[in-house]
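Below is one structure, written out as structure tokens, with a few remarks after it.
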Protein chains: 2
Amino acid sequence: MLNQVTPLDLMFQALADPSRRIMVERLSRGPASVSELAKPLTMSLPAVVQHLQVLEASGLVRSEKVGRVRTCHIDWAALQTAEDWILDRRKNWERRLDRLGDFLAEQEKG
Amino acid sequence: MLNQVTPLDLMFQALADPSRRIMVERLSRGPASVSELAKPLTMSLPAVVQHLQVLEASGLVRSEKVGRVRTCHIDWAALQTAEDWILDRRKNWERRLDRLGDFLAEQEKG
DNA sequence: CACTTGGTTAAGCATATGCTTAAGTATCGT
DNA sequence: ACGATACTTAAGCATATGCTTAACCAAGTG
């Protein structure tokens with residue numbers, strides 16, 4: 001419970017729920033309406049809308065309403081942000097392994 | 001609140017907290033003890049241990065206790081699993097773009 | 001215009017989460 | 001043996017999360 005809520009918090013939080021991941025999975029195959037997103041889920045429509053709000057708040061999904069149907073789609077740049085965080089950690093690790101390699105090579109030489 | 005909790009749920013949930021991400025970030029630079037992990041965080045030790053339990057339950061972190069110090073480290077294969085989920089979604093998307101491209105090329109030809 | 005479709009709003013509730021403090025329990029150094 | 005170190009356990013509490021139902025509204029359809 002911190003005072004600051006970062007975009008990354010919201011994204012990982014959004015992805016932490018299986019229903020929301022099903023929604024993202026569906027949207028990764030193209031835009032969809034709210035009721036299309038609801039179809040595979042065994043919960044009330046308002047519940048789906050609440051999940052959608054979490055996804056939108058995280059920036060992972062955006063939507064526009066035309067007439068009475070709201071069409072949702074993934075924001076790929078946002079999803080990239082989550083992926084990048086993980087990638088950056090691995091880079092850290094690889095840098096460390098490199099330094100270790102350098103050190104060992106130095107030992108060898110000396 | 002579903003009846004099934006998958007590893008992916010636990011991983012994204014684990015990464016959704018800034019304190020836990022700080023812990024993972026620290027561990028991405030090499031193994032650390034519990035109190036080392038606690039150092040940058042402004043909370044009690046028990047709170048840190050609870051975060052650590054979340055990270056361990058998710059599989060992202062593992063630890064062994066030797067003497068009185070518990071040493072923690074990242075399970076890189078587990079972190080890969082989270083990354084892969086995101087990657088798979090993008091693959092979905094690219095497949096879709098490919099099909100769209102094929103379709104448009106077909107239109108052109110016909 | 002009535003009816004259906006697609007979504008929205010609001011209120012309420014059970015459980016989960018993120019802390020806290022207080023009180024342990026081992027190990028290590030002297 | 002004694003104190004300090006490095007956790008560990010337990011209890012409690014405030015807030016957040018994930019649903020529900022009921023009621024509502026606005027846009028298409030016959």
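Residue numbering restarts at 1 for every chain, and letters A, B, ... go by the order of the sequence lines. This one's a predicted model, so the numbers in the text were calculated from it and none came from an experiment.
Between B:A47 and A:V69, it is A:V69 whose nearest contact on DNA chain C lies nearer the 5' terminus. Residue-to-nucleotide proximity on DNA chain D shows that, of A:V54 and B:T71, the 5′-proximal contact is made by B:T71.
Spacing between atom CD1 of A:I22 and atom P of D:dG18 amounts to 14 Å, rounded to whole angstrom units. If you take CG of A:D9 and P of C:dG18, they are 10 Å apart, rounded to a whole angstrom. Taking atom CD on A:Q53 and atom P on C:dG7, their separation rounds to 13 Å, with Å as the unit. We find that CD of B:E64 is positioned 13 Å from P of D:dT8, with the value rounded to whole Å. Between A:K39 atom NZ and C:dT5 atom C1' there is a gap of 13 Å when expressed in whole angstrom units. Atom-to-atom, CZ of A:R70 to P of D:dC25 comes out at 18 Å; the value is rounded to the nearest Å. Remark: C1' of C:dA23 and CG of B:L45 are 15 Å apart, rounded to the nearest angstrom. The separation between A:M43 atom CE and C:dG7 atom P is 16 Å, rounded to whole Å.
Between the base of D:dA27 and the side chain of A:R68 there is a donor-acceptor pair shorter than 3.5 Å. Side chain A:Q50 to base C:dT8: no donor-acceptor pair is found below 3.5 Å. Checked by distance alone, B:Q13 brings no side-chain donor or acceptor within 3.5 Å of a matching partner on the base of D:dT17.
A:K65 has no side-chain polar atom (N or O) that falls below the 4.0 Å cut-off from OP1 or OP2 of D:dA26. Between B:S33 and D:dC7 there is a side-chain polar atom (N or O) within less than 4.0 angstrom of OP1 or OP2. Taking only side-chain nitrogens and oxygens, A:H51 never comes nearer than 4.0 Å to OP1 or OP2 of D:dT17.
Of the possible donor and acceptor atoms, none in the side chain of A:R20 sits under 3.5 Å from a partner among the backbone N and O of A:L15.
The residue A:S35 sits close only to the backbone: its heavy atoms come under 4.0 Å of sugar-phosphate atoms, none of a base.
Between B:W85 and B:F12, the angle of the ring planes goes over 60°, which puts this pair in the perpendicular group of the 30/60° scheme.
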Task: Stepwise side-chain contact (heavy atoms from CB on, under 4.5 Å) test for A:M23 and A:R26 - done: CA-CA 5 Å; A:M23 294 168 75; A:R26 168 64 190 82; 5.7 Å; no

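In summary, the side chains of A:T6 and A:D9 do present a donor paired with an acceptor at a separation below 3.5 Å, with no hydrogens or angles considered.
No salt bridge links B:R70 with B:E64; every basic N to acidic carboxylate O contact stays at or beyond 4.0 Å.
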